Amino acid sequence: MGKQPRTAITPTREDNFAEWYQQVIKAADMAENSPVRGCMIIKPYGFAIWENMQNTFDPWLKEYGVQNASFPLLIPLSFLEKEAEHIDGFAKECAVVTHHRLEVGENGLVPAGKLEEPYVVRPTSETIIGDAMSRWIQSYRDLPMKLNQWGNVMRWEMRTRMFLRTSEFFWHEGHNAFETPEEAKEDCLTILDMYEKFFKEHLAFSGYKGVKTPEERFPGAKETYAFESIMQDGKALQAATTHDLGQTFSRSCGINFQGRSEKEEFAYTTSWAFSTRAIGGMIMIHGDDDGMVMPPRIAPQQIVILPVVKNIDEDGGIFDFAQKMVDELKKQGLHAHIDKRDMRTPDKMWDAIKKGIPLRVEIGNRELENKEVTFVRRDLGRPSKETISADAFVERAQGLLDQIHDTMLERSETFRDEHTVNGTTLSDIDDFFKADRIGLVRVPVALLNDDKLEAVMKAHALSTRCMPFEDEGQKVLIGKAY
RNA sequence: CGGAGCGUGGCGCAGCCUGGUAGCGCACCUGUUUUGGGAACAGGGGGUCGGAGGUUCGAAUCCUCUCGCUCCGACCA
């Protein structure tokens with residue numbers, strides 16, 4: 001191939017953000033579309049990110065007293081019917097299983113064996129977990145009960161986008177039950193804090209913790225809390241939510257128990273989740289025009305070593321030298337590897353760049369002679385190129401990764417701050433979006449009662465994102481969202 | 001579900017208007033020289049044009065129906 005474009009990804013973010021997003025996923029080899037409508041294939045490099053998220057977050061849940069379990073993929077239709085609001089929210093997007101057999105017909109296989117009662121492929125599991133809880137909880141002594149499952153759900157979305165909205169997606173869904181409403185609320189806030197910690201300290205996401213407006217609440221919830229993040233195109237992304245379900249589901253599912261006062265009582269339940277959508281958020285927050293920029297603590301590959309050799313079979317000792325480094329780095333728990341593929345070095349470099357590997361190390365004869373390495377930080381690019389002794393690199397590696405994380409988080413926070421503007425009136429909102437500015441507008445919650453707000457929101461395809469805790473419920477963020 | 005666009009080797013496209021059984025770039029394979037920010041030359045393999053039906057001596061090209069995908073919108077993790 002001849003001249004390459006200035007950036008590894010075409011188009012650039014500025015030129016066409018949506019298309020750029022797709023191209024980053026493709027270039028990093030994270031996922032691709034599948035033969036199934038709205039469902040994607042998560043490729044090994046993409047799935048490794050999800051596995052790392054699980055490996056990080058799951059121990060935190062266990063520490064908090066949550067136990068993992070697994071509930072059926074299929075939910076009896078009648079379960080969904082139990083909760084009116086819940087149905088309103090999900091009925092339109094349910095895949096339904098109506099048969100249990102295939103027979104050979106004139107035009108191929110046809111469904112046979114019609115089910116008495118259809119099953120719904122779970123869009124979320126409140127009802128079936130609630131049903132189990134109704135049997136498992138008999139006494140206040142059985143509370144609190146904290147359950148979680150890592151699994152997949154299906155929502156027949158009209159329009160899908162890889163990672164951000166697919167018909168089938170992976171997530172974890174937690175379902176807790178408590179004796180009192182205070183405990184349930186406390187649970188929601190505690191888990192929201194865990195989410196914030198996870199997103200900030202591991203994915204380098206900035207965001208706002210806050211309460212959802214009634215329109216944006218989970219169907220059936222008394223209150224929904226969210227960690228709301230902002231993407232480089234100014235749109236908000238709900239990265240994680242916790243729902244205070246009050247007694248809605250305990251009443252419809254029959255989660256009752258004998259209380260301390262010997263009376264029959266209904267439990268207070270919560271549910272909470274984040275999904276593979278977080279990967280989409282990582283791309284849109286951190287990615288640049290050369291592709292993915294992976295947050296170091298979640299990166300499947302943190303350090304890649306590129307041996308710069310003339311001939312892969314005559315490396316002059318570079319591989320041994322590099323392998324010793326890898327061994328040392330691995331002792332520190334770092335994910336380091338040598339790219340030994342039979343490819344040209346420049347192609348390996350671009351591959352590492354597009355995959356967003358935080359630290360790229362080059363070792364050629366120049367380095368070998370002096371026991372040195374040359375490294376480049378993905379977040380800063382070429383200007384960060386440095387040559388230091390191999391020993392020093394091994395010593396500094398963890399610190400460098402931490403610095404990369406800090407830089408990425410700081411960038412994200414700066415972006416959030418620069419793209420959140422304060423307003424006081426409806427026209428502040430209108431003017432902002434009329435001027436094609438990107439970001440969120442923070443306005444007094446009193447505006448929510450203004451009759452004309454709806455028209456303004458509709459005109460610019462806006463929604464209320466959340467009422468940030470930091471504003472003590474006095475302000476609401478309004479903007480576009482994924 | 002409304003609007004727009006598109007389905008031709010793995011990917012991106014041209015060909016279609018003015019029918020004559022397929023072409024380009026990248027990727028891939030072989031060889032030589034290369035390899036520190038996307039290599040060069042030479043040779044080579046691979047598609048029947050989303051699907052069905054129709055018109056025609058003949059269809060990727062024309063007609064009808066259908067399926068699917070992408071983007072914008074409404075809905076939503």
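These numbers were taken from a predicted model, which means no experiment stands behind them. Below, each value reflects all heavy atoms present in this structure, side chains not excepted, and no hydrogens, waters or symmetry copies. Below, chains carry the letters A, B, ... as their sequence lines are ordered, and counting in each starts from 1.
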Using a 4.0 Å heavy-atom cut-off across all strands, classify [X] as base, sugar-phosphate, or nothing.
{"X": "A/R366", "result": "base"}
{"X": "A/E367", "result": "base"}
{"X": "A/F218", "result": "nothing"}
{"X": "A/L164", "result": "base"}
{"X": "A/D351", "result": "nothing"}
{"X": "A/T124", "result": "nothing"}
{"X": "A/L237", "result": "nothing"}
{"X": "A/A461", "result": "sugar-phosphate"}
{"X": "A/Q238", "result": "sugar-phosphate"}
{"X": "A/E93", "result": "sugar-phosphate"}
{"X": "A/T166", "result": "base"}

[atom1]-based separation of [M] from [N] [nearest Å]:
{"N": "B/C75", "M": "B/G20", "atom1": "P", "answer": "49 Å"}
{"N": "B/A60", "M": "B/G50", "atom1": "P", "answer": "10 Å"}
{"N": "B/U34", "M": "B/A40", "atom1": "C1'", "answer": "8 Å"}
{"N": "B/C6", "M": "B/U30", "atom1": "P", "answer": "39 Å"}
{"N": "B/C49", "M": "B/G9", "atom1": "P", "answer": "10 Å"}

Nearest to the side chain of [X] - [options]?
{"X": "A/R37", "options": "B/A77, B/G68, B/C71", "value": "B/G68"}
{"X": "A/Q22", "options": "B/G36, B/C71, B/A39", "value": "B/C71"}
{"X": "A/K354", "options": "B/G38, B/A77, B/G36", "value": "B/G38"}
{"X": "A/E362", "options": "B/G36, B/C71, B/G38", "value": "B/G36"}
{"X": "A/A18", "options": "B/C71, B/A39, B/G68", "value": "B/C71"}
{"X": "A/M158", "options": "B/A74, B/C11, B/C71", "value": "B/A74"}

In whole Å, what is the span from the [atom1] atom of [X] to the [atom2] atom of [N]?
{"X": "A/F227", "N": "B/A77", "atom1": "CZ", "atom2": "P", "result": "17 Å"}
{"X": "A/D29", "N": "B/A27", "atom1": "CG", "atom2": "P", "result": "17 Å"}
{"X": "A/Q149", "N": "B/A77", "atom1": "CD", "atom2": "P", "result": "18 Å"}
{"X": "A/I9", "N": "B/G38", "atom1": "CD1", "atom2": "P", "result": "17 Å"}
{"X": "A/Y482", "N": "B/G73", "atom1": "OH", "atom2": "C1'", "result": "14 Å"}
{"X": "A/M457", "N": "B/C75", "atom1": "CE", "atom2": "C1'", "result": "14 Å"}
{"X": "A/Q23", "N": "B/U70", "atom1": "CD", "atom2": "C1'", "result": "12 Å"}
{"X": "A/D15", "N": "B/C71", "atom1": "CG", "atom2": "C1'", "result": "16 Å"}

If you assign each of A/R382 and A/R277 to its closest nucleotide in RNA chain B, which residue comes earlier from the 5' end? A/R382
Name the residue closer to the 5' end of RNA chain B, choosing between A/E157 and A/V308 according to the nucleotide with the nearest heavy atom. A/V308
Ring centroid separation for [X] and [Y], is it under 6.0 angstrom?
{"X": "A/F90", "Y": "A/F218", "result": "yes"}
{"X": "A/F57", "Y": "A/F198", "result": "yes"}
{"X": "A/W60", "Y": "A/H202", "result": "yes"}
{"X": "A/W272", "Y": "A/H172", "result": "yes"}
{"X": "A/F227", "Y": "A/Y208", "result": "no"}

N-O pairing of A/D288 and A/R378 below 4.0 Å: yes
N or O in side chain of A/N33 less than 4.0 angstrom from B/U70 OP1/OP2: yes
In A/K212, A/K209, A/K235, the residue satisfying salt bridge (Lys or Arg N to Asp or Glu O under 4.0 Å) with A/E228 is A/K212
Test for a donor-acceptor pair under 3.5 Å between the base of B/G10 and the side chain of A/E32, counting only N and O atoms. no
pi-stack flag for A/F169 and B/A77, centroid dist under 5.5 Å, interplanar under 30°: yes
